[in-house]
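The sequence lines fix the lettering, A, B, ..., with proteins before strands; numbering per chain opens at 1. For the numbers below, each heavy atom of this structure counts, side chains included, while hydrogens, waters and symmetry mates do not.
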Amino acid sequence: MTDPSRSGTPALDDEVADAAAVATRAAALDAQTLIRGRRQWPLPKQADPNAPLLVVEHLTTRFKMAGGSIKAVDDVSFTLNDGEALGIAGESGCGKTTTALSLVRLLPANGRIGKDSSVRLFGIDLARKSEDALRRYRWREISIIFQGAMNALNPVRRVNEQIAEPVELRLKVNKADAMKRAGELLELVGIPARRGQAYPHELSGGMRQRAMIAMALACDPAVVIGDEPTTALDVMVQAQILELLERLRRELGLSLILITHDLSVIAETCDRVMVMYAGKVAEEGAVSVIFRTPRHPYTQKLIGAFPNIHADRRTLDVIPGSPPDLREPPPGCRFHPRCPFAMAVCSVEVPPEVTFADGVRVACHLYPAGSDGAPITRPTKDAIAGGVAEAGLGAGVFSDRDEAFDELEDALDPAPSHTLSPGHGLTDDHSLDQIQ
Amino acid sequence: MGSRYLIRKVVGACLTIFMIVILNFVLFRMMPGSPDRILLRNPNVTADAMAAARIRWGLDKPLIPDQLVDYLESTASGDLGFSFKFHGEPVTDVLAGRIWPTVILFGLGEVLAIIFGLALGAYSGWRRGGPIDYIGNGVSLILYSMPYFVIGILILGVFAIGLHWFPTSGMLTVGGSGDDSFPSQLLDFLGHLALPVTTVAIGLIGQYSILMRSSVIETLGEDYITTARGKGLTSGRILRSHALPNALLPAVTLIAINLGYVIGGAITVEVVFNWPGLGTLTVTALEARDYPVLQGIFLLLSISVVVANLIADLIYGRLDPRVRS
Amino acid sequence: MRSPLCDRFARTLAAFGLALAALLPAAAVQAKDILTLRVGTVESLDSLNPFETALNVGYEVFTLNYDLLVNFGPNNDPVPGFADSWTQSADQLSWTFHIRDGMKWSDGQPATSADVVYTYNLELNGTKNGGVVGLGYLDPYLKDSFVTGVTAPDPSHVVITTSRPTTKLTHSYIPIVPQHIWKNVTPANVANFANNVPVVGTGPYQAVESTSQYVRLVRNPYYWGKQGAEDEIVIQYYPSAPDTMVAAFKNSELDYIHSPSAESFNQLKTAKNTVALASEGNGFTQLNYNTYTKGGGASTTALQDPAFRKALGYAIDKPTLIQKVLLGYASPGTTQVPPWETNWHVEPNDVRQFNIDTANSMLDAAGYPRGPNGTRIDRQGKPINLRLYAPNTDPSYAKDAQFIQGWFGQVGIKVSAQVLDEGTLVTDEALDTTKPAKGQLNYDMVIWGWVGDPDPNALLQILLTSSIGSTSDSQWSDPQYDQLYVQQNEAANDADRKMYITQMQQIFYDQAPYDILYYDNNLDTYHTDKFAGWQNQPVQGGAPFFQDGSINYTLLTDATKATPAPSASVNAEPTAAGSGGVAASVAPAPAPVPTDTGSSGSALPLIVGVIAIAALLVVFIMMTRRRRAAAAEDDE
């Protein structure tokens with residue numbers, strides 16, 4: 001505020017300066033409100049309103065063991081945008097869960113994040129935060145739906161209390177209001193609020209998972225990580241849960257990281273998929289592109305290993321061998337011992353990550369730096385497509401959904417960065433619902 | 001938890017006590033050496049006197065069924081008979097004066113051991129591998145394996161005989177004090193109580209801390225702890241709200257069961273400190289083959305243990321919703 | 001920033017401190033001038049009823065509560081008790097006792113001859129037709145005195161008639177109990193009469209408090225004689241805990257202890273202001289054989305042969321046993337009447353000395369040759385393999401057994417030694433005469449001990465044939481011995497009696513149903529800085545307490561006061577010379593040191609300890625208390 005008693009050019013300058021400052025603040029606030037329209041409260045103070053939601057760069061997680069240390073996650077990078085659903089796929093032990101847990105450093109005592117890793121949420125580097133400072137972001141910005149809700153819920157506390165707990169403690173809400181909110185959340189996920197009085201063991205598997213989802217949403221986080229949320233459930237319940245997640249994404253504008261080994265789940269729910277193998281990223285890109293034209297041999301094998309109910313009956317195309325022992329990973333590309341296209345260079349050099357025009361990122365010597373997307377050895381792109389067709393993909397599993405994916409493709413902006421608008425990533429078209 | 005469940009449990013407890021009562025009776029009388037023979041160590045006793053004593057104590061009748069039936073009848077009506085050693089005194093009087101010293105000594109010792117043992121164990125489990133864990137665990141193991149009387153004699157030697165801070169034995173300083181006011185009597189009692197209670201507490205602390213430590217470690221490995229961490233709760237909150245309620249479950253059972261043995265007391269501790277409780281009474285009665293007193297003590301003990309087990313069942317049901325049905 | 005937690009902590013501590021401060025002055029008020037004598041014993045009082053106590057401590061307590069008709073004097077000589085004078089009639093068949101004039105019971109009621117009549121008739125009626133009064137330990141005192149009637153011609157006189165002349169009436173352990181308290185007690189129900197506190201008697205101190213830990217006696221306000229300087233006597237029990245008792249004595253929580261272990265006794269000999277007294281005891285430790293001739297479980301018939309037993313007596317080195325096992329606190333044993341009973345003990349002829357060669361040759365001569373492997377064989381051709389049992393009540397027995405095992409091994413007798421539970425052993429040694437002997441008496445040799453009375457009958461009668469089935473632990477039977485017992489009991493005067501008793505001792509020594517190992521000393525220790533005027537009973541070679549009667553309690557003076565109380569009729573010089581070959585040490589009486597007559601140890605360390613515990617508790621609470629949520633939460 002200017003002092004009216006002061007007159008002259010300095011006062012005017014002050015006024016201008018003040019006005020500018022106010023305007024900047026207003027613009028910033030607008031930007032926040034504009035960008036984060038679904039949130040109920042402001043971003044963290046340190047947030048950069050213009051930064052993407054989540055940018056992970058060179059994430060490396062080591063576990064110190066008796067014999068040495070294992071790099072469970074080795075130089076993994078990805079980006080998650082507002083409202084997006086990213087699926088992380090791979091075999092057991094490939095590091096997908098560890099990647100997700102590393103975002104909030106929910107690691108056991110012998111886990112360490114690499115010095116060069118960065119996990120930027122709204123531009124704030126969580127990897128550099130101390131444990132105490134990091135706590136602020138847990139659940140409030142990034143929450144996790146754990147696998148196996150029976151074990152992930154405290155057996156001696158009532159479910160609604162467990163949901164209300166972070167609301168009460170993290171958001172400084174009083175107990176009664178927190179319990180009310182817990183009831184609301186339960187209703188949101190399709191559980192009558194009364195049932196919240198139950199203990200975890202009194203609920204069925206599906207209801208427990210829903211309760212976990214409700215709990216994960218308790219603080220309206222920016223990112224929800226689902227760690228194999230449907231793995232422990234039977235198929236019918238699995239479908240319900242996935243449908244729920246979809247609905248919540250639509251209604252609440254959630255950004256989701258879904259970890260699973262089940263590609264069909266990713267196909268149904270995710271916009272983008274990142275395939276990991278032995279702690280490293282094999283391929284990453286939009287779901288429609290990758291499923292249609294998988295480039296990395298591992299991705300091809302994964303998709304090929306999928307049974308196709310529409311195709312002729314045939315034996316499964318399994319991937320020979322098993323994932324490597326991470327204490328002594330194979331030199332060069334970790335997949336080379338099992339790769340049908342392995343070349344000499346694969347056992348020597350770690351393949352570089354190459355990004356293509358359709359937004360896919362691959363780490364494979366078939367696509368050296370500067371590649372246009374065609375593998376440098378046989379089989380050609382056509383061969384790949386043919387292989388895919390041979391496996392029945394493109395004409396099989398997804399045939400009913402071609403239409404939906406076509407629409408998706410149209411909606412996709414070929415440029416890597418997106419203008420964000422509410423509801424991005426999912427249409428309001430409920431055609432998806434009918435497919436269930 | 002329905003009343004049918006409760007009734008079933010109570011009836012079961014009563015049956016157990018009844019069987020124990022019969023067993024106690026039979027076992028004691030099967031011991032070689034009968035109380036009338038103990039009288040023989042005075043040269044003035046005559047065969048007539050021995051025979052009269054036998055008759056007076058009902059030992060001339062056959063063991064089963066006469067003596068047994070007599071015993072069961074009188075016990076049911078609350079008459080525990082007369083002591084063989086403390087001539088003329090009813091057993092209920094003999095026991096009554098001894099119960100509360102033992103209960104105070106062992107009960108207080110148990111409570112202290114529970115408080116400090118659980119705290120130490122929880123902290124050791126929480127900060128596993130830390131200095132307190134190593135020291136605490138090591139000390140707990142050592143103390144757990146030391147018999148009471150060794151601990152007692154050490155404490156006695158250092159604090160009573162060596163430093164003269166506390167009296168060596170007994171429960172009260174008798175006589176010589178014109179000051180009968182309650183505060184000074186209380187202080188006198190506390191002074192006598194200090195060393196024996198410390199001995200009992202030290203002897204018991206090990207089992208609680210070791211149990212709690214492993215229970216906490218096991219609990220901390222559960223997934224819901226990861227969830228709690230993920231929720232961004234402080235470690236204090238995680239420990240108190242999530243870990244301890246689960247980790248305490250085995251400890252609660254142990255506590256409830258142990259409290260049943262409070263009446264049995266620690267015989268060796270009582271002997272070392274000459275504490276006039278049920279422990280020293282048991283030794284005296286054993287030597288004199290004082291069956292009625294022994295039967296009375298063991299009746300008390302069995303009731304106490306059975307009731308404590310019953311309570312443990314009920315408490316556990318309250319604490320762990322998974323076993324309620 | 002002061003958090004509310006710190007406030008609460010400070011407030012709690014302040015409140016605690018205030019509470020303690022309120023208690024402190026009360027604690028600091030020490031005892032006023034009540035002088036308490038604290039005595040420790042390993043026995044635990046079984047009954048306040050004199051007819052129902054089997055223990056030394058019971059006798060001690062009832063001789064403080066009550067007078068005997070004639071009390072035991074400083075040298076166990078008859079001194080006035082309930083009666084202050086007595087005469088025997090010319091025909092020696094009746095005694096007249098004069099009851100002290102104006103004597104009152106401790107509740108103020110007059111004490112008269114009626115009480116004597118009541119008490120003695122209780123005994124007489126109870127023992128008619130083979131009955132017993134209570135445990136029966138007091139019965140022999142009238143039975144052996146051949147009393148026929150007790151009458152009271154007037155309140156001051158009692159006349160007792162006997163069928164034979166006897167001197168035993170002035171050595172009778174029967175306390176005179178008040179008729180007005182005991183009027184409903186009959187021989188049939190005496191066992192159930194607890195005689196609860198406050199006890200009413202004519203003795204110097206009366207029991208007012210009796211718990212499982214101690215009995216407390218206070219001055220009898222109506223006592224006819226002189227009482228000691230102590231206002232109260234507390235006898236504390238340490239059952240099965242002699243070391244705790246010694247610790248309490250060292251800590252000055254006790255003024256007198258009876259029967260510490262020999263090792264503790266040695267330590268206490270050099271302690272300050274302490275007298276450690278080893279005195280001759282009226283008892284012995286023996287090795288008794290199973291001599292039963294009518295069956296039973298003895299492993300060899302050799303045990304029935306006196307020559308065999310005598311020969312073995314040469315294979316026992318008593319001085320070594322005394323030195324090694326008892327650290328010298330005993331004298332070598334011979335007859336069953338201990339030298340303590342100076343009027344009756346007689347050393348026998350041909351006292352056996354330790355000599356392995358003699359033992360060997362005597363065994364050979366008696367017809368027990370060595371077998372092929374060196375073990376002697378008995379007349380049935382069986383190798384002699386003897387079981388030696390000892391009760392677990394005294395660790396010295398087991399040590400004795402080890403030595404004996406070694407010595408007997410050298411003369412060709414195999415011995416296997418075992419410690420048994422007391423109750424089991426005493427049952428094993430007692431023959432149930434209602435059942436056949438087969439299957440009973442499964443022992444060969446036992447090490448145990450006996451304690452006697454001032455009157456030799458107690459120890460003599462164990463060896464009677466009629467004691468088989470009750471107190472006899474050797475099952476020995478000698479008709480001549482039995483006959484002599486009757487004769488000595490009926491002897492008209494002490495000289496005749498002694499003659500018979502002498503013969504009994506010789507027979508016993510020659511036949512050797514027991515081999516008396518040693519006469520144990522009594523070990524007593526007491527402090528001299530609080531009480532003085534300690535006198536022994538007997539004056540030469542005895543000990544102050546736990547003897548016979550309570551006279552020495554009345555002779556104590558306050559050591560902290562300059563002038564001793566006026567002496568009683570006997571000199572009050574503490575003497576400690578002991579016959580029996582053991583010296584005791586006497587610490588010179590120090591200048592009076594003010595002693596703490598209240599609770600031992602100050603209350604300060606206790607308060608410190610309590611504060612420490614409270615502090616620990618607070619620390620614990622703080623450790624688990626919720627930490628203030630990180631301020632960072634709000635800032636980011």
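- With a 4.5 angstrom heavy-atom cutoff, B:Ser235 does not touch chain A via any of its atoms.
- Here NZ of B:Lys231 is found 11.0 Å from CZ of A:Arg170. Values are rounded to the nearest 0.5 Å.
- A salt bridge links A:Arg136 with A:Glu141: at least one charged nitrogen is closer than 4.0 Å to a carboxylate oxygen.
- For A:Leu107, the part sitting under 4.5 Å from any heavy atom of chain B is the backbone (N, CA, C, O) and nothing else.
- The choice from A:Arg138, A:Met212, A:Met215 that makes the most heavy-atom pairs within less than 4.5 Å of chain B is A:Arg138.
- In this structure, chain B has heavy atoms under 4.5 Å from both the backbone and the side chain of A:Gln162.
- In terms of heavy-atom pairs under 4.5 Å with chain B, the best-connected choice from A:Glu202, A:Glu165, A:Arg105, A:Glu131 is A:Glu165.
- If you measure heavy-atom distances from A:Leu153 to chain B, the contacts under 4.5 Å come from the backbone alone.
- Atom OH of B:Tyr144 sits in a sparse spot, with 12 or fewer heavy atoms from other residues, nucleotides or ligands closer than 6.0 Å.
- The number of heavy-atom neighbours closer than 6.0 Å to CD1 of B:Ile132, taken from other residues, nucleotides and ligands shown, is 12 or below.
- A:Arg157 CZ: more than 12 foreign heavy atoms inside a 6.0 Å radius.
- A perpendicular orientation is assigned to the rings of B:Phe106 and B:Tyr148, their planes being inclined by more than 60° (bins at 30° and 60°).
- For A:Val104, no part lies near chain B; criterion is any non-hydrogen pair under 4.5 Å.
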